[in-house]
Amino acid sequence: MIRRFTTQIIKRSPMVKKAVLIGINYPGTEGELRGCVNDVKRMHKCLVDRFGFSEENITELIDTDKSKIQPTGKNIRQALSELVGSASSGDVLFVHYSGHGVRLPPETGEDDDTGFDECIVPCDMNNITDDEIREIVDKVPEDCSITIVSDSCHSGGLIDATKEQIGESTKKAVKTKETEQEDVRNRVHVVKRSLSLQSMIKMLKQETGKDDIEAGNIRRSLVHAFGEDASPKVKEMMDLQETEGQGLKKQVVRKKDKGILLSGCQTDQTSGDVRTKGQAFGAFSDAIQIILDETKGKKITNKELVLGVRELLEYECYPQQPGLYCSDSNADAPFIC
């Protein structure tokens, strides 16, 4: 009897490059910025021209054009979920965020590698926490990674529990630097991309029309204001407080960390929103574009890029110190692709 064997050829889908770009200027508020949407426009062009992204695979969320998708908490969560949910093994995923950052003390009983909950601040103040970013990263398919550039204050450690390759955010004895000093030079005016808790509360009151929001009930207020669209982390904490009166501590084992975070600064620092000669941009975003222009036609690793940006910002007298958070192998991997 002769057996006939057939070989099945499995065709692998070609690699797809996808991006979500988020720029928030908060127009008309006391936290108004100028350069965040410009950062997104420059990165959009860079992704197409240098890295070969297709226009149809780039999603923009900006708050200066009402015809565009607005960067609310709900819309940002949906865009990130769709980015990861539609990905296949081998795809290239990229996220750029320019906007305010805020850090909140962790709940009682919660363990956090930086000692705070780092958050990005959507245009409606429906904050997205580092734990949420971590959950999104953990859903990335195998043989796939996601690069996140966050040009915001307190962005060090924005992917919770990621190995720190360059930076000082996860060291328990963090040196507090003078971050509230206004930086005005001969031709450059710099505004911090940071919201104090009181400023965030004031903007949240303006957004929701509620006057009973205070520092002591900020998480409860977010749940009441946004309901099912509020941060799952915040809702989880509130449910736990009501039932057990204590925080939640999770143990997660990861075989391979697929997240790569390039942060504009350390968790205790602020990132600069620069205004000069009629232009506005993030100091970190601008430095990235300068280094990429200098290395045009060449591959540059994540570590090389962050070290180059650090050197450039120090030369330009910016106090912020960018960081890199990822696995050892991804530290030496090419930036984006």
Side-chain angles (χ1 to χ4, degrees), residues 12-22 38-60 83-84 86-98 133 137 140-151 155-156 158-159 162-167 255-265 271 281-316 318 320-337:
R12 184 173 177 175
S13 299
M15 175 187 68
V16 179
K17 303 172 184 177
K18 303 178 181 180
V20 170
L21 310 179
I22 307 159
N38 291 340
D39 292 345
V40 160
K41 297 299 183 183
R42 291 176 74 188
M43 183 55 75
H44 188 135
K45 186 176 188 303
C46 176
L47 291 178
V48 173
D49 294 348
R50 177 176 176 129
F51 295 104
F53 281 63
S54 298
E55 290 284 355
E56 62 266 23
N57 290 327
I58 301 176
T59 300
E60 278 190 12
L83 175 71
V84 172
S86 65
S88 300
S89 178
D91 286 353
V92 174
L93 307 180
F94 180 75
V95 176
H96 181 108
Y97 172 76
S98 281
I133 303 297
V137 167
V140 171
E142 292 300 319
D143 299 321
C144 186
S145 62
I146 182 169
T147 301
I148 301 175
V149 171
S150 186
D151 194 349
S155 49
L158 188 58
I159 303 178
T162 299
K163 184 173 182 180
E164 188 170 53
Q165 298 287 345
I166 301 173
K255 292 182 179 179
K256 181 181 178 183
D257 196 340
K258 293 164 282 191
I260 304 166
L261 170 67
L262 287 76
S263 69
C265 61
S271 292
F281 48 80
F284 179 52
S285 295
D286 183 58
I288 287 176
Q289 295 298 334
I290 291 172
I291 298 298
L292 290 178
D293 284 344
E294 291 177 351
T295 58
K296 190 168 290 186
K298 301 177 183 178
K299 295 280 188 179
I300 183 169
T301 68
N302 292 304
K303 183 181 290 185
E304 290 169 340
L305 179 58
V306 172
L307 290 175
V309 168
R310 272 194 163 211
E311 183 178 348
L312 178 58
L313 291 179
E314 182 178 6
Y315 176 78
E316 295 288 343
Y318 291 102
Q320 67 194 76
Q321 297 173 304
L324 175 64
Y325 305 81
C326 62
S327 65
D328 293 340
S329 59
N330 279 332
D332 294 318
F335 175 63
I336 302 183
C337 61

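For reference, positions follow the sequence shown, starting with 1.
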Legend entry - Residues V309, L262; criterion side-chain contact (heavy atoms from CB on, under 4.5 Å); working and verdict: CA-CA 10 Å; V309 168; L262 287 76; over 6 Å; no
Looking only at heavy atoms, what is the nearest atom pair of [X] and [Y], with distance?
| X | Y | value |
| --- | --- | --- |
| I336 | N302 | N-OD1, 4.4 Å |
| P141 | V84 | CD-O, 4.2 Å |
| L47 | A19 | CD1-CB, 3.6 Å |

From [atom1] ([X]) to [atom2] ([Y]), nearest 0.5 Å:
| X | Y | atom1 | atom2 | answer |
| --- | --- | --- | --- | --- |
| L313 | F284 | CG | CZ | 8.0 Å |
| K163 | Y325 | NZ | OH | 13.5 Å |
| Y97 | M43 | OH | CE | 15.0 Å |
| T162 | L261 | OG1 | CG | 7.0 Å |
| I166 | C326 | CD1 | SG | 8.0 Å |
| K41 | N38 | NZ | CG | 9.0 Å |

Inset, instruction - Check each of N57, L93, T59 against L83 using the side chain to side chain contact (heavy atoms under 4.5 Å, CB included) test, and report the only one that passes. - result: L93
Mark yes or no for whether [X], through its side chain, and [Y], through its backbone, hold a donor-acceptor pair below 3.5 Å.
| X | Y | value |
| --- | --- | --- |
| S155 | G264 | yes |
| N330 | I260 | no |
| D39 | G282 | yes |
| D91 | S88 | yes |
| Q320 | S271 | no |

Using the test side chain to side chain donor-acceptor pair (under 3.5 Å), find all partners of [X] that sit at least two apart in sequence or belong to another chain.
| X | value |
| --- | --- |
| S263 | none |
| E304 | T301 |
| D332 | none |

Inset, instruction - With sequence neighbours excluded, give me every salt bridge (Lys or Arg N to Asp or Glu O under 4.0 Å) pair touching residues 49-58. - result: K45-D49
Inset, instruction - For the pair D151 and F281, evaluate side-chain contact (heavy atoms from CB on, under 4.5 Å) and give the outcome as yes or no after the intermediate values. - result: CA-CA 10 Å; D151 194 349; F281 48 80; over 6 Å; no
Legend entry - Stepwise side-chain contact (heavy atoms from CB on, under 4.5 Å) test for D257 and V137: CA-CA 8 Å; D257 196 340; V137 167; 4.0 Å; yes
Inset, instruction - For K17, check salt bridge (Lys or Arg N to Asp or Glu O under 4.0 Å) against everything at least two apart and list the hits. - result: none
Indicate every side-chain donor-acceptor pair of residues 287-300 with a distance under 3.5 Å to a residue at least two apart or in another chain.
residue: T295; atom: OG1; partner: I291; partner atom: O; Å: 3.0
residue: T295; atom: OG1; partner: L292; partner atom: O; Å: 3.3
residue: K299; atom: NZ; partner: C337; partner atom: O; Å: 3.1

Inset, instruction - Give the ring-plane orientation class for F94 versus H96, where under 30° counts as parallel, over 60° as perpendicular and anything between as tilted. - result: tilted
Inset, instruction - Would you please test K258 and C144 for side-chain contact (heavy atoms from CB on, under 4.5 Å) and show each step? - result: CA-CA 7 Å; K258 293 164 282 191; C144 186; 5.7 Å; no
Legend entry - Non-hydrogen side-chain atoms of S86 and K18 separated by less than 4.5 Å: yes
